[in-house]
A.B. asks: 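The structure's right below; bear with me while I get my questions together.
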Amino acid sequence: MSPRTRLWLVAVGGAGLAALLVAACFGLPAFGGDSHPYGDRAVEASLDHRTANTIASVNFDQRAFDTLGELTILFAAVLGCVVLLRQTRDEHRARPRPAEVAPPVRRYALLVLPVALLTGLYVVAHGQLSPGGGFQGGVVAATALHLLYLGADYRALERVRPVGLYEAGDAVAVSAYLVTGVAALLGGAAFLANTLLPHGTFNTLSSGGTVPLLNAAVGMEVACAVVVLLARFLDQAVEIEEESGT
């Protein structure tokens with residue numbers, strides 16, 4: 001196929017997509033109107049399954065299969081990063097030299113670390129009840145560990161961050177999400193249908209059926225993924241050097 005033909009195909013496809021988008025925009029309800037068909041249905045379904053946080057209900061119940069796609073994208077990104085940033089034959093590891101840390105930075109980083117870690121775990125655990133959830137809490141918990149890098153040194157971070165363990169945790173979390181969906185199939189329902197567990201009492205930690213399980217799996221996957229990503233980039237910046245020393 002010639003470049004000119006490819007350009008024509010892109011132009012025709014883009015024009016068709018633009019026409020569909022314009023038509024869809026004209027079909028939207030008026031701004032500020034009282035017609036919210038999707039929102040009304042989402043809230044009703046959330047209440048039916050005893051999930052106080054409607055956004056968590058949408059992410060891990062009503063469109064849990066879409067969230068699996070987002071989870072897969074993150075997992076693939078981590079896998080690609082691990083492959084691309086692996087140590088090559090012409091590289092070696094140099095023992096990192098501890099840097100001078102100002103006493104106020106050291107003091108406050110080490111004080112904030114357990115608070116940030118607990119905050120991340122709290123956000124994950126209460127995702128079905130209040131704003132937040134696995135994605136947000138996983139990022140907070142993972143970055144909290146790296147306050148050791150700011151407040152102490154890189155060796156201290158390495159002692160609490162065995163990368164192989166977090167890589168395994170990343171894979172286990174994605175597998176747990178998939179297993180929950182397959183269990184619903186084995187139970188005679190749709191993939192990832194919220195039918196495995198009792199929906200519980202509204203506005204309690206045990207409410208929402210499988211929403212807390214999927215939310216926890218996402219929190220674990222995101223936390224492990226962020227740790228592995230930062231580990232690979234920090235390795236390149238701090239430890240791995242070319243054999244020539246440049």
Side-chain angles (χ1 to χ4, degrees), residues 70-127 132-178 212-246:
E70 299 169 7
L71 202 65
T72 304
I73 291 172
L74 179 59
F75 182 76
V78 174
L79 182 61
C81 179
V82 169
V83 172
L84 291 174
L85 297 181
R86 67 188 186 281
Q87 185 175 344
T88 59
R89 295 178 180 177
D90 59 346
E91 294 176 334
H92 71 279
R93 289 184 177 271
R95 184 178 180 85
R97 297 184 297 273
E100 289 292 332
V101 180
V105 175
R106 180 185 298 274
R107 180 166 56 251
Y108 290 115
L110 297 181
L111 284 175
V112 170
L113 191 155
V115 177
L117 184 59
L118 287 175
T119 300
L121 297 177
Y122 178 91
V123 171
V124 173
H126 290 75
F135 286 101
Q136 297 86 346
V139 172
V140 174
T143 52
L145 295 178
H146 291 79
L147 289 173
L148 270 179
Y149 179 52
L150 299 178
D153 57 36
Y154 189 69
R155 304 297 294 180
L157 173 61
E158 283 189 318
R159 284 193 289 270
V160 301
R161 189 211 60 188
V163 180
L165 183 62
Y166 285 94
E167 290 175 343
D170 192 4
V172 168
V174 175
S175 300
Y177 199 103
L178 288 170
L213 295 181
L214 297 179
N215 187 51
V218 169
M220 180 177 175
E221 201 277 337
V222 171
C224 292
V226 172
V227 169
V228 173
L229 284 174
L230 292 177
R232 295 305 178 187
F233 283 108
L234 284 173
D235 282 352
Q236 290 289 326
V238 178
E239 282 194 283
I240 296 180
E241 297 180 356
E242 292 184 359
E243 292 293 348
S244 60
T246 59

A.B. asks: How close do Val163 and Ala231 get, heavy atom to heavy atom, and via which atoms?
C.D. replies: CG2-CB, 3.7 Å
A.B. asks: Taking only residues two or more places apart in sequence or in another chain, which ones pass side-chain hydrogen bond (donor to acceptor under 3.5 Å, both in side chains) with Gln136?
C.D. replies: none
A.B. asks: Determine the minimum heavy-atom distance between Asn215 and Val124, stating which atoms define it.
C.D. replies: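 Shortest heavy-atom separation between Asn215 and Val124 comes out as ND2-O, 2.6 Å.
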A.B. asks: Quick check for you: to the nearest 0.5 Å, what is the distance between Glu158 atom CD and Asp153 atom CG?
C.D. replies: 9.0 Å
A.B. asks: How many angstroms lie between CD in Glu70 and CD in Glu221, if you round to the nearest 0.5 Å?
C.D. replies: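 If we round to the nearest 0.5 Å, Glu70:CD and Glu221:CD are 11.5 Å apart.
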A.B. asks: Using distance only, find each side-chain donor-acceptor pair of residues 101-111 under 3.5 Å and give its atom names and separation, not counting sequence neighbours.
C.D. replies:
unit_1, atom_1, unit_2, atom_2, d
Arg106, NH1, Gly151, O, 3.3

A.B. asks: Which heavy atom of Ala152 sits nearest to which heavy atom of Ala156, and what is that distance?
C.D. replies: CB-CB, 3.9 Å
A.B. asks: How far apart are the closest heavy atoms of Leu234 and Tyr149, and which atoms are they?
C.D. replies: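 Between these two residues, the closest heavy atoms are CD2-CE2, 3.8 Å.
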A.B. asks: Heavy-atom count check: over 12 atoms from other residues, nucleotides or ligands less than 6.0 Å from Phe75 CZ?
C.D. replies: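 For Phe75, atom CZ is crowded (more than 12 foreign heavy atoms under 6.0 Å).
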A.B. asks: Report yes if the side chains of Tyr154 and Asp235 come closer than 4.5 Å at any heavy-atom pair, otherwise no.
C.D. replies: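 In contact.
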A.B. asks: So, taking the atom named CG in Asp170 and the one named CG in Leu74, what distance separates them when rounded to the nearest 0.5 Å?
C.D. replies: 6.5 Å
A.B. asks: What are the two closest heavy atoms between Gly169 and Met220, and how far apart are they?
C.D. replies: O-CE, 3.5 Å
A.B. asks: Tell me which donor-acceptor pairs under 3.5 Å the side chains of residues 139-146 have, and how far apart each pair is, sequence neighbours excluded?
C.D. replies:
unit_1, atom_1, unit_2, atom_2, d
Thr143, OG1, Val139, O, 2.8
Thr143, OG1, Val140, O, 3.1
His146, ND1, Ala142, O, 2.9

